[in-house]
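Along the sequence shown, residues are numbered consecutively beginning with 1.
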Amino acid sequence: MDNEKTVMLREIALQPDFVKDNIDEMMTYMRSVVADRDPGSLQHGFMIGCGDSYCAAIAVRQFMMKATGRLVEAVEALEFSRYLVEDLPANSFVFGVSNSGTVSRTIEGVRLARAKGAWTFAVTVSADNKLAKAAETLIRVNATPNIKELPNGTRVVTPGTVTYTASMLGLYVAAIAIGERIGHLDAAASKALVEELHATAEAMRAADAPTAALSREIAASFTPDRHTVFVGGGPNYATAYFAMAKWFESLTRPAHLSQLEEWAHEHYFMTRSNVDTFIILPPGPGRIRGLEQARAAREMESRVIIIAEETDAEARAAADIFFPMPTGIREVLTPFVYKLVFEYLSCEISKVQNVAFLGFNDRRRQEVNFRQIFHSAEMA
């Protein structure tokens with residue numbers, strides 16, 4: 001188990017360089033693959049995936065709509081392949097997101113969308129996997145797999161970190177390239193967005209050490225008897241969803257996800273002194289509502305943990321624990337940075353409590369999980 005924690009921490013720390021080093025190469029490639037495409041065929045956008053890949057689609061949705069001027073929906077892969085694809089509008093473009101490229105539902109959705117005439121993209125690590133072969137166009141992301149083999153032959157499975165970052169980056173870059181091809185982005189606007197991605201990589205670097213240090217400091221206080229709720233809206237509903245996934249994967253512990261507004265309508269009623277309420281609070285339209293929810297959670301004696309800009313005095317005052325983030329990041333790009341809290345903290349809690357990632361010290365648990373994800377029967 002020491003191996004798996006070390007590997008996860010190393011992968012978290014390499015993410016700023018991963019983003020910085022891959023932006024320009026991926027932009028060049030994406031521009032080349034859309035150059036000959038009729039812009040009229042890019043009318044209705046969909047991003048599909050499961051687990052972290054679905055989170056990546058939610059995170060990028062608003063950015064992609066702004067960059068392309070098109071309505072783009074993030075859809076869970078089964079909802080798309082079994083319910084939505086049969087009514088797919090003409091001139092649709094569909095991104096299937098899967099790091100491994102072997103997730104049955106995502107492959108199925110891409111295959112069925114392509115049969116309906118959609119332009120299909122595979123956001124994945126290799127041209128050789130099933131998703132890449134099912135799609136018309138590959139968006140190759142250079143992430144390490146979640147299942148790794150160490151030099152001594154040991155196989156290590158870690159919760160997704162850099163893989164999630166890679167999936168988001170592939171979609172952000174694709175959004176810019178498509179926006180250029182459609183004519184929604186002129187050269188100056190496109191250049192500004194690419195520069196903003198580079199600046200976001202530096203923000204990730206600035207956030208890394210303080211987030212890691214605070215996570216180590218407080219990890220022991222997240223005892224198994226406590227309950228956890230993650231609250232986020234807009235692009236950071238994805239971050240809250242991702243956070244819940246890290247709790248499941250790193251700690252094999254129940255946790256709850258709440259959309260920023262829905263907390264008051266649902267999760268409020270389970271809020272009490274043994275509940276940790278995480279609120280993801282970047283600058284943006286949801287910030288004021290998040291502060292209201294923080295106040296209510298504290299009134300119900302919850303411990304409130306807020307992730308917000310380091311200069312946000314109101315957010316700091318509303319929190320029992322405050323994770324400061326760099327300033328100047330637009331909300332649509334904050335999912336790259338704010339997720340660091342949940343990567344580091346889930347890993348540090350797992351270390352303190354000696355929990356095996358994903359419960360995969362039980363071989364049968366791993367076998368059943370892999371069967372469910374990678375070997376599910378596909379629809380004809």
Side-chain angles (χ1 to χ4, degrees), residues 4-30 47 49 51-53 55-57 59-60 63-64 95 97-101 121-127 129 132 138-150 156-177 193-212 215 235-236 238-239 242-243 245-246 249-250 325-326 329-330 332-347:
E4 63 182 14
K5 315 308 186 215
T6 300
V7 170
M8 183 174 177
L9 290 170
R10 183 169 65 242
E11 290 186 343
I12 298 168
L14 66 78
Q15 292 179 104
D17 282 336
F18 175 86
V19 173
K20 177 179 70 70
D21 294 342
N22 281 279
I23 295 167
D24 294 335
E25 179 183 340
M26 292 176 71
M27 276 303 322
T28 298
Y29 172 76
M30 273 306 303
M47 297 178 286
D52 285 358
S53 298
C55 293
V60 181
F63 181 93
M64 187 170 285
F95 297 91
V97 187
S98 168
N99 178 259
S100 69
F121 296 86
V123 184
T124 188
V125 297
S126 169
N129 62 45
L138 171 68
I139 303 176
R140 188 174 183 276
V141 297
N142 297 317
T144 56
N146 289 334
I147 305 170
K148 292 159 279 281
E149 187 168 311
L150 301 180
V156 174
V157 185
T158 58
T161 56
V162 69
T163 51
Y164 180 57
T165 293
S167 295
M168 286 197 295
L169 183 61
L171 292 170
Y172 277 107
V173 166
I176 297 171
L193 290 178
V194 173
E195 289 175 350
E196 198 173 17
L197 282 176
H198 279 286
T200 301
E202 295 311 310
M204 294 171 73
R205 195 183 316 282
D208 185 84
T211 301
S215 297
N236 285 294
T239 309
F242 176 79
K246 297 314 104 176
E249 295 162 357
S250 297
M325 294 289 117
I329 315 165
R330 278 199 303 145
V332 289
L333 292 169
T334 54
F336 274 121
V337 185
Y338 286 38
K339 72 185 182 69
L340 288 170
V341 171
F342 307 107
E343 294 169 339
Y344 273 121
L345 188 54
S346 65
C347 187

K.L.:
Sorted by first residue and then second, give each salt bridge (charged side-chain N to carboxylate O under 4.0 Å, His left out) pair with at least one member in residues 193-212; sequence neighbours left out.
P.N.:
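Qualifying pairs, neighbours excluded: Asp17-Arg205, Lys191-Glu195, Glu196-Arg330, Glu202-Arg205.
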K.L.:
Could you measure the distance from the CG atom of Asn22 to the OG1 atom of Thr165? Nearest 0.5 Å is fine.
P.N.:
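If we round to the nearest 0.5 Å, Asn22:CG and Thr165:OG1 are 11.0 Å apart.
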K.L.:
Atom CE of Met30 and atom CG of Leu171: how far apart are they, to the nearest 0.5 Å?
P.N.:
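The CE atom of Met30 sits 9.5 Å away from the CG atom of Leu171.
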K.L.:
Do you know the tightest heavy-atom contact between Phe121 and Ile139?
P.N.:
CD2-CD1, 3.8 Å
K.L.:
Taking the side chain as C-beta and beyond, is there a heavy-atom pair between Leu197 and Val19 under 4.5 Å?
P.N.:
no
K.L.:
For Asp24, give me all partners under side-chain hydrogen bond (donor to acceptor under 3.5 Å, both in side chains), at least two apart in sequence or on another chain.
P.N.:
His198
K.L.:
Nearest 0.5 Å, please: how far is CD1 in Ile12 from CE in Met8?
P.N.:
4.5 Å
K.L.:
Once side-chain contact (heavy atoms from CB on, under 4.5 Å) is applied, do any residues pair with Ala207, and if so which ones, sequence neighbours excluded?
P.N.:
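Ala207 satisfies side-chain contact (heavy atoms from CB on, under 4.5 Å) with Thr211, Met325, Pro326, Val337, Leu340 once adjacent residues are dropped.
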K.L.:
Which atoms form the tightest heavy-atom contact between Lys246 and Gly160, and what is the distance?
P.N.:
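Scanning both residues, the minimum pair turns out to be NZ-O, 3.0 Å.
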K.L.:
Checking Phe242 now: which residues fulfil ring pair (Phe, Tyr, Trp, His ring centres under 6.0 Å) with it, not counting sequence neighbours?
P.N.:
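Here the qualifying residues are Tyr164.
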K.L.:
Which heavy atom of Ser98 sits nearest a heavy atom of Thr124, and at what distance?
P.N.:
O-OG1, 2.8 Å
K.L.:
Answer whether the closest heavy-atom distance between the side chains of Tyr344 and Leu9 falls below 4.5 Å.
P.N.:
yes
K.L.:
Sequence neighbours left out, what pairs pass salt bridge (charged side-chain N to carboxylate O under 4.0 Å, His left out) with at least one residue falling in residues 332-344?
P.N.:
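Listed once each, the pairs are Lys339-Glu343.
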K.L.:
Going by the rule ring pair (Phe, Tyr, Trp, His ring centres under 6.0 Å), which residues pair with Tyr172 if we only count those two or more places apart in sequence or in a different chain?
P.N.:
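Scan of Tyr172 (ring pair (Phe, Tyr, Trp, His ring centres under 6.0 Å), adjacent residues dropped) gives Phe63, Phe336.
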K.L.:
Give, for atom CG of Asn99 and atom CG of Asp52, the distance between the pair rounded to the nearest 0.5 Å.
P.N.:
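So the CG of Asn99 and the CG of Asp52 are separated by 9.5 Å.
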K.L.:
Knowing that exactly one of Met168, Glu25, Met26 qualifies, which makes a side chain to side chain contact (heavy atoms under 4.5 Å, CB included) with Val173?
P.N.:
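The passing option is Met26.
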K.L.:
For Thr334, what residues pass the side-chain hydrogen bond (donor to acceptor under 3.5 Å, both in side chains) criterion, not counting sequence neighbours?
P.N.:
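Testing Thr334 for side-chain hydrogen bond (donor to acceptor under 3.5 Å, both in side chains), a comparison that skips the adjacent residues, returns Asn236.
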K.L.:
Nearest 0.5 Å please: distance from the CG atom of Leu14 over to the OG1 atom of Thr161.
P.N.:
7.0 Å
K.L.:
Looking only at heavy atoms, which two atoms of Leu138 and Ala132 are closest? And how far apart?
P.N.:
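Looking at all heavy atoms of both residues, the shortest contact is CD1-CB, 4.1 Å.
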K.L.:
Going by the salt bridge (charged side-chain N to carboxylate O under 4.0 Å, His left out) test, which pairs reach into residues 164-176, not counting sequence neighbours?
P.N.:
none
K.L.:
When you measure from the side chain of Arg140 to the backbone N and O of Val125, does any donor-acceptor pair fall under 3.5 Å?
P.N.:
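The answer is yes, because a donor-acceptor pair under 3.5 Å joins these two groups.
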K.L.:
Rounded at 0.5 Å granularity, tell me how far SG in Cys347 sits from CD in Glu4.
P.N.:
8.5 Å
K.L.:
Just to verify, what does Thr28 make a side-chain contact (heavy atoms from CB on, under 4.5 Å) with, not counting sequence neighbours?
P.N.:
none
K.L.:
Compare every heavy atom of Phe95 with every heavy atom of Val123, then report the nearest pair and how far apart it is.
P.N.:
CG2-CD2, 4.2 Å
K.L.:
Tell me the closest heavy-atom pair linking Ile329 and Ala203, and the distance in Å.
P.N.:
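Looking at all heavy atoms of both residues, the closest pair is CD1-CB, 3.7 Å.
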